[in-house]
Amino acid sequence: MADGKQFATVQWVTSWYGAGKTSADSRFNIPGKIAWLTMEAPGFCTLLYIMNTLPAETGLASLPLENKIMGSLFVCPIPLPRICKLIRSAGNSLHLPRNHVSLPQPLHGPHPSFRLARRPHIPSLQWHLHWLLARRLRPHHARRMAERSKLQSWRTHDARHYDLGSWFGRKYLA
Amino acid sequence: MMLGIMIWALGLGANIWHDDELREIRRAAARNQKKQAAEADPSTGKGKSGGKGVEKVYMIPQNGFFTWILYPHYLCEWIEWAGFWMVGGWNCVPARNFLVNEIFAMLPRAVAGKKWYIDKFGKEKVGSRKAVIPGVL
């Protein structure tokens, strides 16, 4: 147990924790993002260094695929949130207000069959999952939403649909 | 191994999503401040609260797992690294240590964080939410 567990366990007996919401005002404070990256850096830097030098040291032509997969699993969570944010901000370039997307309410936007008649529309994977879940879990609600979407004008739907704020879904052709 | 990768990806995705829910609090607060500043009466300066900053804006998020716990991003991170351990195999000591270290470091933080939420918002607002494990702790 020669690692950080003993230090971490101190948290049970003291309320002091010099970061985030319990940080104190100090000129030695480091901005959160920089501090976080500094904290993460030794881990992934060491791993990448070892993975780059190990094959030569052990005389392997290259590391096994499994090691490479695990290495990438370890490293890629660090830039991923930032990449997600970039994708989303690109999708939100229309500057329509982003609704708070909530997981348990998978019903936003009209049914695609309705939309296809009006203008080219590519329902995203997330969109399909939402409807699939909705029809399974809340069939009455789903039907009502579909009915309602047929009554409203397509202009309303545009805003509603962008409100979905999908991370990975491409929502419109044009 | 595939199952492990799937659990890892699920944990990571949920982690990012819940983290983003937290960030959205301050993004929304910044938007509101901007709006208020724009709508403020320039002659009297009434309603002007721009420049207050959103550094210390706190709210209890409501969506996703935040319905049941205050630290779902911690839980999802544990799920993520449990998946990673699974990929490495149950005998993989570094992966196991990583998860154990995370739990040792983050569990007391979450429990202390729940106390912080109760002090800040009151027992009623926090309600039946647990710190990090739904229904348990």
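In what follows, chains carry the letters A, B, and so on, assigned in the order in which the sequence lines appear, proteins first and then strands, with residues in each chain numbered from 1. The basis for the numbers below is simple: all heavy atoms, side chains too, and nothing from hydrogens, waters or symmetry mates.
Screening B:Ile16, B:Asp19, B:Leu12 for a side-chain contact (heavy atoms from CB on, under 4.5 Å) with A:Pro81, the sole residue that qualifies is B:Ile16.
Take B:Tyr74 and apply the ring pair (Phe, Tyr, Trp, His ring centres under 6.0 Å) test, not counting sequence neighbours, and it matches B:Tyr71. For B:Lys115, the salt bridge (Lys or Arg N to Asp or Glu O under 4.0 Å) test picks out B:Asp119, with sequence neighbours left out.
No single ILVMFWY cluster, assembled from side-chain heavy atoms under 4.5 Å apart, contains both A:Trp16 and A:Val10. In the hydrophobic clustering of ILVMFWY residues, with side-chain heavy atoms under 4.5 Å counting as a link, B:Trp68 and B:Ile60 come out together. Placement of A:Leu65 and A:Leu48 within a single hydrophobic cluster is found when ILVMFWY residues are connected by side-chain heavy-atom separations under 4.5 Å, directly or transitively. Hydrophobic cluster membership is shared by B:Phe84 and A:Ile78, with clusters built from Ile, Leu, Val, Met, Phe, Trp and Tyr side chains linked at under 4.5 angstrom. A single hydrophobic cluster is not seen to contain both B:Met6 and A:Ile69; linkage of ILVMFWY side chains at heavy-atom distances under 4.5 Å, directly or through other members, places them apart.
Looking at B:Ala105, both its backbone and its side chain come within 4.5 Å of chain A, counting heavy atoms on both sides. Contact annotation for B:Phe98: only side-chain heavy atoms (C-beta onward) come within less than 4.5 Å of a heavy atom of chain A. Neither the backbone nor the side chain of B:Gln62 has a heavy atom closer than 4.5 Å to any heavy atom of chain A. Interface remark: B:Lys120 contributes no atoms to any contact with chain A (heavy atom separation under 4.5 Å).
Taking both residues in full, the closest heavy atoms of A:Thr9 and B:Phe104 are given as OG1-CD2, 3.7 Å, listed atom of the first, atom of the second, then distance. A pairwise comparison of heavy atoms in A:Gln11 and B:Pro108 identifies CB-CB, 3.5 Å as the closest pair. Here the closest heavy-atom approach between residue B:Trp81 and residue A:Leu73 is recorded as CH2-O, 4.0 Å.
Contact residues of residues 17-27 of chain A toward chain B are A:Tyr17, A:Ala19, A:Gly20, A:Lys21, A:Thr22, A:Ser23 (heavy-atom distance under 4.5 Å).
The 12-atom threshold is exceeded at NZ of B:Lys56, counting heavy atoms of other residues, nucleotides or ligands nearer than 6.0 Å.
Cluster partners of A:Ile30, using a side-chain heavy-atom cutoff of under 4.5 Å among ILVMFWY residues and allowing indirect links, are A:Ile34.
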